Number of protein chains: 2
Amino acid sequence: MARRTRAEMMDDTRRKLIASARAAFAEKGFADTSMDDLTAAVGLTRGALYHNFGDKKGLFAAVVEQIDAEMASRARALAEAEDTVWSALLAEGCAYIEMALDPEVQRIVLRDGPAVLGDPAHWPSQNRCLDATRAAVAELRAAGILKPVDVEAASRLLNGAALNAALWVATCDDPATMLPKAQDAFRMLAGGLLVD
Amino acid sequence: MARRTRAEMMDDTRRKLIASARAAFAEKGFADTSMDDLTAAVGLTRGALYHNFGDKKGLFAAVVEQIDAEMASRARALAEAEDTVWSALLAEGCAYIEMALDPEVQRIVLRDGPAVLGDPAHWPSQNRCLDATRAAVAELRAAGILKPVDVEAASRLLNGAALNAALWVATCDDPATMLPKAQDAFRMLAGGLLVD
DNA sequence: GCTATTGACATACGACTTGTATGTAAATAG
DNA sequence: CTATTTACATACAAGTCGTATGTCAATAGC
């Protein structure tokens, strides 16, 4: 078993590169990260990088994909713990706000992501968090719990509100006390969608 | 009057550089814009650029400042045409959504801006659109028209919702029909802040 | 009105970076 | 056991940014 097959070696290489890139991108940002440094940090060269990911953006996209999957997984877990679709939607939004406090999420997904990869809605990872929100909104609309609002529009607005709230909380003076206020405001706003 | 004073020459140089940069950044984005091309397009060199703006980010910041001021001015004009503070707030948000349809605003302010300059809340231009929203929310809160929500949090959420809605509308298949839906959804969400 | 100095740029230079083209050694195929 | 493909490393060319230096016109001082 000491003998490694080629596929195993490549997977290992990819994992190492993604991990190194994730740390570097989070700390220095996309533009200020050198691929020479990034690869050397795990004992490789840019040759491995271009072979596995095509270019710098390709590696960045892989990192975003990984983080995005983790976020969606966490949001889903929290939403499933709720007992109504409505409370699940609120929980998702609040979870999103919390997760965006993570410096890695902020810098890589929220700040550099759009500039490097374009609008999140067109990412291959499809911004899974948005997908979850859309599903919940669609179900609530069908059940007549929400006012006759466009599902896509409402999902976008809810996610956007949560996202920006998170960015603000993360960069304000006192995140600990502002987080609950932001989440309160989010629930209040979302309540505007409910039928009277 | 053919004789130009030095201050006039500098102002003219700055205007030319900002105009050229605005076009280049909007079309190719910050990262893919060369300062050599940018300056040569108006008959200058990078020397003028570094002398007047310090570095590439400095010029970018000046462009953002200009666009931001234009947006705030327009939003203010629309808001003042309304007869209540509440409708003015809604009008501002809807105006924001519309303005974000402009490719220049999208690429420079919304996409590249945060990546290059960091969180908009910390920009020198202070994101004037947000300021207007905050002022309106504060007034409505004081008048008891809104539920007891944190002013800063609510302002952030409203602006974030509008912003993301705009990004979505701008990149969707049929912006013309989606714009009113997004604005409807925005008004509905904002209604969640009103006392019952 | 003449010189000295400052200001507004242009030019030249060095240090990096990215992407590609080529080389190479190991793993697989036949 | 040879041939070929794979998974990288190395070498190279092009382009970019920031700075250091040069230059000429505009102002200041006497």
Side-chain angles (χ1 to χ4, degrees), chain A residues 1-64 108 112 115-118, chain B residues 1-64 108 112 115-118:
Chain A
M1 198 50 188
R3 196 132 203 83
R4 323 229 2 198
T5 175
R6 271 199 291 193
E8 286 171 348
M9 283 177 54
M10 190 175 89
D11 279 356
D12 191 50
T13 295
R14 292 175 67 95
R15 270 192 298 271
K16 283 197 288 190
L17 287 177
I18 289 178
S20 179
R22 182 167 172 166
F25 287 147
E27 191 191 354
K28 305 197 269 182
F30 179 81
D32 291 340
T33 293
S34 160
M35 304 180 77
D36 275 324
D37 300 348
L38 201 161
T39 51
V42 288
L44 294 166
T45 70
R46 282 183 311 156
L49 207 160
Y50 282 98
H51 182 72
N52 283 283
F53 297 98
D55 61 358
K56 191 179 181 181
K57 283 187 185 180
L59 176 58
F60 184 80
V63 171
V64 167
I108 298 177
D112 288 348
V116 176
L117 304 176
Chain B
M1 200 47 188
R3 197 132 201 82
R4 323 230 1 199
T5 176
R6 270 200 290 193
E8 286 171 349
M9 283 176 54
M10 190 175 91
D11 279 356
D12 191 49
T13 294
R14 292 175 67 96
R15 270 193 298 272
K16 283 197 288 191
L17 287 177
I18 289 178
S20 179
R22 182 166 171 165
F25 287 148
E27 191 191 355
K28 305 196 269 183
F30 179 81
D32 292 340
T33 294
S34 159
M35 304 179 77
D36 275 325
D37 300 348
L38 201 161
T39 52
V42 288
L44 294 167
T45 69
R46 281 183 309 156
L49 207 160
Y50 282 98
H51 183 71
N52 282 284
F53 298 98
D55 60 358
K56 191 178 182 181
K57 283 187 185 179
L59 177 57
F60 183 80
V63 171
V64 167
I108 297 177
D112 287 347
V116 176
L117 303 176

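The model shown is predicted, which means the values in this text are computed figures rather than measured ones. In what follows, chains carry the letters A, B, and so on, assigned in the order in which the sequence lines appear, proteins first and then strands, with residues in each chain numbered from 1.
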* Closest to side chain of A:Met35, choosing from D:dG18, C:dT18, C:dA10 ->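 Minimum distance to the A:Met35 side chain belongs to C:dT18.
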* Nucleotide nearest B:Leu44 when distance is taken to its side chain, options C:dT18, C:dA10, D:dG18 ->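 Output: C:dA10.
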Does a side-chain heavy-atom distance below 4.5 Å link [X] with [Y]?
X	Y	value
B:Arg15	B:Asp12	yes
A:Leu59	A:Leu38	yes
B:Phe25	B:Asp112	no

What is the distance, rounded to the nearest whole Å, between atom [atom1] of [X] and atom [atom2] of [N]?
X	N	atom1	atom2	result
A:Lys57	C:dT17	NZ	P	19 Å
A:Asp32	D:dG18	CG	C1'	14 Å
B:Leu38	D:dT16	CG	C1'	13 Å
B:Arg46	C:dT11	CZ	P	12 Å
A:Tyr50	C:dA21	OH	C1'	13 Å
A:Lys56	C:dC16	NZ	C1'	11 Å
B:Asp37	D:dT16	CG	C1'	10 Å
B:Asp36	D:dA14	CG	P	17 Å

Is any side-chain nitrogen or oxygen of [X] closer than 4.0 Å to OP1 or OP2 of [N]?
X	N	value
B:Asn52	C:dA8	no
A:His51	D:dC8	no
A:Thr13	D:dC8	yes

* To do: Find which nucleotide of DNA chain C each of A:Gly54 and B:Leu49 is nearest to by heavy atoms, and output the residue with the more 5' nucleotide.
  =>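 It is B:Leu49, whose closest nucleotide lies nearer the 5' terminus.
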* Classify the nucleic acid contact of B:Thr33 as base, sugar-phosphate or nothing, counting any heavy atom under 4.0 Å across all strands shown. =>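 The answer is sugar-phosphate, as B:Thr33 gets under 4.0 Å only of primed atoms, P, OP1 or OP2.
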* To do: Scan A:Ser34 against the nucleic acid and name what it touches under 4.0 Å (heavy atoms): base, sugar-phosphate only, or nothing.
  =>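 Sugar-phosphate only.
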* side chain to side chain donor-acceptor pair (under 3.5 Å) involving B:Asp36 - partner list, sequence neighbours excluded ->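 Checked B:Asp36 against side chain to side chain donor-acceptor pair (under 3.5 Å); matches are B:Arg46.
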* Counting N and O atoms only, with roles assigned by atom type, does the side chain of A:Thr33 sit under 3.5 Å from a partner on the main chain of A:Lys28, one being a donor and the other an acceptor? ->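 Not at all, since once roles are kept as given, no pair shorter than 3.5 Å links the two residues.
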